[in-house]
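Okay, so here's the structure we're looking at.
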Amino acid sequence: MLETAYLRTKPEEARARLAKRNLDADALLSKAAALDEHRRSTQNVLDAKLAEMNDQSRTIGELMKAGKKDEAEAAKQRTSELKDRIAELKDELTEAERALHEHLCTIPNVPQDRVPPGKTPEDNVTVAQHGELPQLPESAKPHWDLGEEYGLFSLEQGVKLTGAGFPVYTGQGAKLQRALIAFFLDRAIEAGYVEVMPPLMVNAESAFATGQLPDKEGQMYHATADDLFLIPTAEVPITNLFRNEILELAELPVKRVGHTPCFRREAGSYGKDVRGLNRVHQFDKVEIVRVEAPENSNAALEEMTKHVQGLLNALELPWRQLLLCGGDMGFTSAITYDMEVYAGAQKRWLEVSSISNFETYQSNRLKLRYRGEDKKARLAHTLNGSALALARIVAALLENNQDAHGIRIPKALQPYTGFDRIVKK
RNA sequence: GGAGAGGUGGCAGAGCGGUUGAAUGCGGCGGUCUUGAAAACCGCUUUACCUGUAAGGGUAACGGGGGUUCGAAUCCCUCCCUCUCCGCCA
């Protein structure tokens, strides 16, 4: 959620940046300004009445102490009107706060200057690319065929157990999952991230603080009996670790990494996008999360991107880095890079990582602050990125490395898999 | 799941209807003293919002929400959480 202080002090900047998202920035912001103004004036009046009431109460207390019962009683009578007015104003303020808050929740984060304008993925900008695209023979198979052929994973079995989009991994396929997770975790730990194993379910408060609620409610599985949500990403529990915290400057930067399964309903998805492992309801992901002082957050974003590039290079996967345009960026992000790998048999790019700087948008909801040089508490910046999402990495790995004798495992991964090829049983 | 106890500032721990945003101790910060340090002594030490150029002033917060009252950390209701005992269990 955007800060009202920002909207008040830099309305022009907010308007210009928001416009890149291809929405009616003027309408959103002028409504926010009106609601904010109303909230403040209501509080002003209420505060004055409360001060008056406090004064009265103090006087009555003194009269009671002095034994002047009659005078005290008389003073009590006089407070009833004030009391009613205060109750009225309190309701008004609560409503004004609710309305402002609700409206602020509908305004996405303001994109940074360098974010390109645009509406669709077509307008994203490729800022880096690396690796040769694999030249596979016509007989090359997409990963869903390879998965069946080598007995690595089965979507059909998942249907039996759960439903569509819940793969069952078996044998070398299961080991490959475990190897990738361990590899990603180890690399992050080497890079200074502290490993976290969080709960896989969160309460509504946590889901709200990182922005999954209310914007993406339909995306999460909801256990209604206990009002808990299955996490769509480790970002949610890990970032919420810092909810309502004030960090000392020396504690920054906070660097956390966690592996979790991720659960996504993916309501409304269809078509070739969802074939095989391209889009599933449950997948494993290693996520890196950072809390930074504002002046360091953009450097941190680049560092995280380099880290992800290093992983992809180690896996020998051709990748490209996209700078998302305003229209394609996530609701809560100020700038996002997407990392895509090329899946040679499908002949298409698959998104395997999304790295974002949320600036204060999340921390404002989280009430995540840090104490600066001047000892004043102010909102920290939060960032996160996938490093990396498994299912699609597996898809690309299988497709690109297939040959007549099986599927080659990249060298960096072999210590983790314990085998250098996937072969038919 | 059942029974009981309890949730107060960074921590420990008072307060149980009237200048109590909150005693006291510890910790932390600043100062005096000292060649330096320790000890001792003195002062400071929460956060959010509103108002103001600022200094300052105002309001709110004692697990969350609601109620009683002129006035609530203190009384009542409710939810959540922690601890102890019992039950169940990987």
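Values reported hereafter were calculated over all heavy atoms of this structure, with side chains retained and with hydrogens, waters and symmetry mates removed. The structure presented is a predicted model; accordingly, all values stated were derived computationally and were not measured. Naming: A, B, ... by sequence-line order, numbering from 1 per chain.
Phosphate contact (OP1/OP2 of G10(B), side-chain N/O of Arg371(A), threshold under 4.0 Å): absent. Taking side-chain N and O atoms only, Lys375(A) has no distance below 4.0 Å to OP1 or OP2 of U45(B). Put simply, Arg39(A) has no side-chain N or O that comes within less than 4.0 Å of OP1 or OP2 on C49(B). Taking 4.0 angstrom as the limit, Arg58(A) places none of its side-chain polar atoms (N or O) nearer than this to OP1 or OP2 of G18(B). Phosphate proximity of U69(B) to Lys76(A): absent, as no side-chain N or O sits under 4.0 Å from OP1 or OP2. For Arg8(A), a side-chain nitrogen or oxygen approaches OP1 or OP2 of C50(B) to under 4.0 Å.
Atom NE2 in His101(A) sits roughly 13 Å away from atom P in C49(B) (whole-Å rounding). The distance from atom CG of Leu46(A) to atom P of A60(B) is 8 Å, rounded to the nearest whole Å. For the pair Glu73(A) CD and U69(B) P, the interatomic distance rounds to 13 Å; values are reported in whole Å. A straight line from CD1 of Ile60(A) to C1' of A72(B) spans 15 Å, rounded to a whole angstrom. Rounded to whole Å, the distance from CG on Asp47(A) to C1' on A48(B) is 12 Å. Counting to the nearest Å, the C1' atom of U69(B) and the CG atom of Leu82(A) are 14 Å from each other. Rounded to whole Å, atom P of G71(B) lies 14 Å from atom CD of Glu52(A). Regarding Asn54(A), its CG atom lies at a distance of 10 Å from the P atom of G58(B), rounded to whole Å.
Here the side chains of Ile422(A) and Leu152(A) are in contact, with some heavy-atom distance below 4.5 Å. Between Thr382(A) and Phe242(A), every side-chain heavy-atom pair lies at or beyond the 4.5 Å cut-off.
With a cut-off of 3.5 Å on both pairing distances, C89(B) has no Watson-Crick or G-U wobble partner at all. The partner of C70(B) is G18(B), by the rule that a Watson-Crick or G-U pair needs both atom distances under 3.5 Å. The partner of U84(B), taking Watson-Crick or G-U wobble pairs whose two distances both stay under 3.5 Å, is A3(B). When both distances must be under 3.5 Å, the Watson-Crick or G-U wobble mate of G10(B) is C26(B). Judged by Watson-Crick or G-U wobble contacts below 3.5 Å, the nucleotide A38(B) has no partner. Base-pair partner of U46(B): A61(B) (Watson-Crick or G-U wobble, both distances under 3.5 Å).
When heavy atoms are screened at a 4.0 angstrom cut-off, Met53(A) is found touching the sugar-phosphate backbone but no base atom. Residue contacts for Arg369(A): at a heavy-atom cut-off of 4.0 Å it reaches the sugar-phosphate backbone alone, with no base atom in range. Contacts of Ala51(A) with the nucleic acid, taken as non-hydrogen atoms under 4.0 Å apart, involve only primed sugar atoms and P, OP1 or OP2.
On the C1' atoms, C44(B) is 16 Å away from G21(B), given to the nearest whole Å. Straight-line distance between the P atoms of U8(B) and A14(B): roughly 11 Å, to the nearest whole Å. Using C1' as the reference atom, U24(B) and C79(B) are 33 Å apart when rounded to the nearest Å. Annotation: G66(B) and C83(B) have their P atoms spaced 28 Å apart (nearest Å). For the C1' atom pair drawn from C62(B) and A73(B), the interatomic distance equals 5 Å after rounding to whole Å. Using atom P as the reference point in both C88(B) and G18(B), the two lie 49 Å apart (nearest Å). Between A54(B) and U46(B), the two C1' atoms lie 24 Å apart (nearest whole Å). Here, A55(B) and A39(B) have their C1' atoms 38 Å apart, quoted to the whole Å.
Listed candidates were C70(B), U47(B), C50(B). Nearest to the side chain of Ile246(A) is U47(B).
The closest side-chain donor-acceptor pair between Glu149(A) and Gln402(A), if any, does not fall under 3.5 angstrom. Looking at His143(A) and Glu399(A), their side chains do bring a donor and an acceptor atom within 3.5 Å of each other. A side-chain donor-acceptor contact under 3.5 Å links Glu302(A) and Tyr337(A).
Paired with Thr239(A) under the rule side chain to side chain contact (heavy atoms under 4.5 Å, CB included), one option of Val254(A), Leu366(A), Thr233(A), Leu383(A) passes, and it is Leu366(A). Shown are Lys255(A), Glu287(A), Arg290(A), Arg256(A); of these, the side chain to side chain donor-acceptor pair (under 3.5 Å) with Tyr193(A) is made only by Arg290(A).
Donor-acceptor pairing under 3.5 Å, judged by distance alone, is present between the side chain of Gln43(A) and the base of C49(B).
The neighbour count for Gln309(A) CD, taken as heavy atoms of other residues, nucleotides or ligands under 6.0 Å away, is above 12.
Both Ala377(A) and Ala48(A) lie near RNA chain B, and the one whose nearest nucleotide falls closer to the 5' end is Ala377(A). Nearer to the 5' terminus of RNA chain B, by closest-nucleotide assignment, is the contact made by Leu50(A) (compared with the other of Gln56(A) and Leu50(A)).
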